[in-house]
Peer 1: 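This is the structure I want to talk about, given as structure tokens.
Just so you know, these numbers come straight off a predicted model, no measurement behind them. Chain A is the first sequence line, chain B the second, and so forth, proteins listed ahead of strands; every chain is numbered from 1.
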2 protein chains.
Amino acid sequence: MVTIKDVAREARVSVATVSRALNGGARVTPETRTRIERAAARLRYVPLGAARSLVTRRTQAIGALLPDLFGEFFSELIRGIDLAARAHGLHLLVSSSHGDAGETAAALRAMQGRVDGLLIMSPHVEPGFLRKHLSDSLPAVLVGSASRERRCPRINTDDYGGACAMTGHLLAKGHRALAFIEGPAANFDARERRRGFAETVAGRRGVTASYLQGDYSEESGFRAGRALLAARKRPDAVFAANDMMAIGCLSAFNEAGVNVPGEIALAGFDDIPMARYMHPPLTTVRVRIAELGHAALERLVGQIATPETTAADLTTVPCEVVVRASCGARTDTAGR
Amino acid sequence: MVTIKDVAREARVSVATVSRALNGGARVTPETRTRIERAAARLRYVPLGAARSLVTRRTQAIGALLPDLFGEFFSELIRGIDLAARAHGLHLLVSSSHGDAGETAAALRAMQGRVDGLLIMSPHVEPGFLRKHLSDSLPAVLVGSASRERRCPRINTDDYGGACAMTGHLLAKGHRALAFIEGPAANFDARERRRGFAETVAGRRGVTASYLQGDYSEESGFRAGRALLAARKRPDAVFAANDMMAIGCLSAFNEAGVNVPGEIALAGFDDIPMARYMHPPLTTVRVRIAELGHAALERLVGQIATPETTAADLTTVPCEVVVRASCGARTDTAGR
DNA sequence: GGGGCCAATGTAAACGTTTTCATGGCGGAA
DNA sequence: TTCCGCCATGAAAACGTTTACATTGGCCCC
């Protein structure tokens, strides 16, 4: 392996000068600098991150702890985070697919000591979890988390508000028999979406609501769709807790020849890029996913820069109802 | 920050013993071990990766250099890589969205010295590129790359074979006027898919082929679909170089009230999870994306373990045609 | 012409960990 | 009882880099 010493020897200077020439830029004659740069290029020298981190106490990396990587939601989220991280010269470590709290804890521990900060999005973060498994000195930002944990800032989407708005929209369209396809009960955002729906329909005269289980996957939406069709009384409108389930549900309806929105209206949540290309295009609640990732990273960077500003504040990113054809509105291609 | 010295003091042993107790496991009395573990837990000690890497000369991390993170393809790929990496106790660094060769080179350099190996999937990797920007001593695996570069193993999907098979299938179904929606010309896989299509239709009597530009996005598929409908003579069948474009194209057809497959058949490539939930379900070429990521990582791990086995071999992962309703076959829900 | 100052470069310590080698103590065998 | 050997533990070096501090040399100003 070629080290800074090799470069120093090759350029006939000391290692300190090499370091200065390659990093700071200060206090080096132009000639020396080019001599060093030439030598470094010739030897294909690349500084060892570990050694640098050890002395600077910075890894220039942040970690993202994610629940799972299925579907477009997470590719969008990671994209947003990655882009923002690049802008700050930070590397991105991802870790996902933690089945239970134990695995999450293990992943959390493994990441510490390798990153300058952590973006945590996991259903397993319960009160006390972080206090137990996360070093006090490591900045972290919670994304979409229920728990008002310690000193961590949180960033959530307005799942509750979005679900209320969408439910209101469905009611305004005249739908009275509503069905809700739930996300995984472990997820805070899924619970919030359900709550928004439930509270909006509660006590409305002539409005009925039914609930079907789901786990955010297309497959579970498909099954829910079939179950709805098989039921004695079909709903007027179905609200799925995310777009992937809405798409699965739509597939079941299409397969059975049930017209959407003619016979049953349908709405989703997230506005993944694919939603507008469905047939019919999917009415949904837009979450600016990439922006969410971006905002979370920016918050984390702030936290790293000034750890003393350690406020357990909560940022809520607004959602907006995007009306397309699937809910019985006139076909609307706006925003395409 | 709490270091190994703090733990050593707390447990009244030397740092060497702490290191042994926490890592190796060898040569430590049970009592000492528990005392050390208790102390470590109490102090919430977590070893500093940088220091460890410096002496062991291993980072326990691998880097993935990706072109872009749009859509389900990449979330599937990252998922496959992440899962396999976890199984090996490796961390995953991702870097994406490199507009040009310069950015790719910068990302490549930045990753060296931080990882034990590299998974490279980028259209900008041309002959000589790696020789110039990649240290000889860093194991790397090329995914979906054209260039038979140096000592790097490569893993590709059988894009050519898959495209041939799908084109053959469309011809066998009786379609004669074919259209192909191309992927970005810079991508090797996109070129291979085009080549498979072009060579299969070449010289077939009574068969016409037309080509439309695309860039793998739903949006570009949508535009291509509209262009096809506006043309003087519509094709019998459209073959899109990936599923996202096929979905965009399908959306354009649906919007215009054009029946698929009745009036125009449609096929895609990749078999992203969403494909089977389209209306109609999408005939496509299945690429086991997560498995591809898994295989690439395994190959890389092998390369890291025994760098001397440095063969510039090529692994080709087979594809398979998945017939669903969109190509004019009877509706087939198999594999759902 | 000499002294002082500043800019360029060098020397060496420090970062936290692993690991090699040394050391001490204890048990068992003679 | 004595000696040998082994096992648990400790001391210290090493990893590659940055950076505070030291040193050199040249220039300007008096």
Peer 1: For the pair made of CZ in A/Arg27 and P in D/dC21, what is the distance, rounded to whole Å?
Peer 2: 15 Å

Peer 1: Could you work out which one of D/dA12, D/dG10, D/dT17 sits closest to the side chain of A/Arg52?
Peer 2: D/dT17

Peer 1: Taking atom P of D/dT18 as reference, at what distance in whole Å does atom NZ of A/Lys5 sit?
Peer 2: 13 Å

Peer 1: Which whole-number value in Å describes the distance from B/Arg9 CZ to D/dG10 P?
Peer 2: 14 Å

Peer 1: Could you tell me from which nucleotide to which nucleotide of DNA chain C, 5' to 3', there is an atom under 4.0 Å from chain B heavy atoms?
Peer 2: C/dG16 to C/dT20

Peer 1: Classify A/Thr32 by what it touches in the nucleic acid, base, sugar-phosphate, or nothing, heavy-atom distance under 4.0 Å.
Peer 2: sugar-phosphate

Peer 1: I'd like to know if B/Asp82 pairs up with B/Arg79 as an ion pair, taking the criterion as any Lys NZ or Arg NE/NH1/NH2 lying under 4.0 Å from an Asp or Glu carboxylate oxygen.
Peer 2: no

Peer 1: Verify the contact: side-chain N or O of B/Thr17 to OP1 or OP2 of D/dT9, cut-off strictly under 4.0 Å; return yes or no.
Peer 2: no

Peer 1: Give the nucleotide from the list D/dA8, D/dT18, D/dT17 with an atom nearest to the side chain of B/Thr29.
Peer 2: D/dA8

Peer 1: Just wondering, do B/Thr104 and B/His133 contact through their side chains at under 4.5 Å, heavy atoms?
Peer 2: no

Peer 1: Could you check A/Thr3 against B/Val15 and say which one's nearest nucleotide on DNA chain D is further toward the 5' end?
Peer 2: B/Val15

Peer 1: Which residue in the set A/Val94, A/Ile62, A/Leu118 passes side chain to side chain contact (heavy atoms under 4.5 Å, CB included) when paired with A/Met111?
Peer 2: A/Leu118

Peer 1: A/Leu54 CG to D/dT18 P: how many Å, rounded?
Peer 2: 11 Å

Peer 1: At 4.0 Å (heavy atoms only), tell me whether B/Ser19 reaches a base, stays on the sugar-phosphate, or touches nothing.
Peer 2: base

Peer 1: How do B/Arg33 and A/Met1 order along DNA chain D: which one's closest nucleotide is nearer the 5' end?
Peer 2: B/Arg33

Peer 1: Donor-acceptor pair, B/Ser75 side chain versus B/Glu72 backbone, under 3.5 Å?
Peer 2: yes

Peer 1: Can you tell whether the side chains of A/Arg131 and A/Asp136 come within less than 4.0 Å, N to carboxylate O?
Peer 2: no

Peer 1: Measure the shortest side-chain to side-chain distance between B/Thr316 and B/Arg154 over non-hydrogen atoms and say whether it is less than 4.5 angstrom.
Peer 2: no

Peer 1: Taking B/Ser96's backbone N and O only, do any of them form a donor-acceptor pair with A/Arg86's side chain (distance below 3.5 Å, no angle check)?
Peer 2: yes

Peer 1: Hey, is the side chain of B/Ser14 poking within less than 4.0 Å of OP1 or OP2 on D/dT9, counting only N and O atoms?
Peer 2: no

Peer 1: Quick one: A/Arg20 CZ to D/dC21 C1', roughly how many Å, whole number?
Peer 2: 11 Å

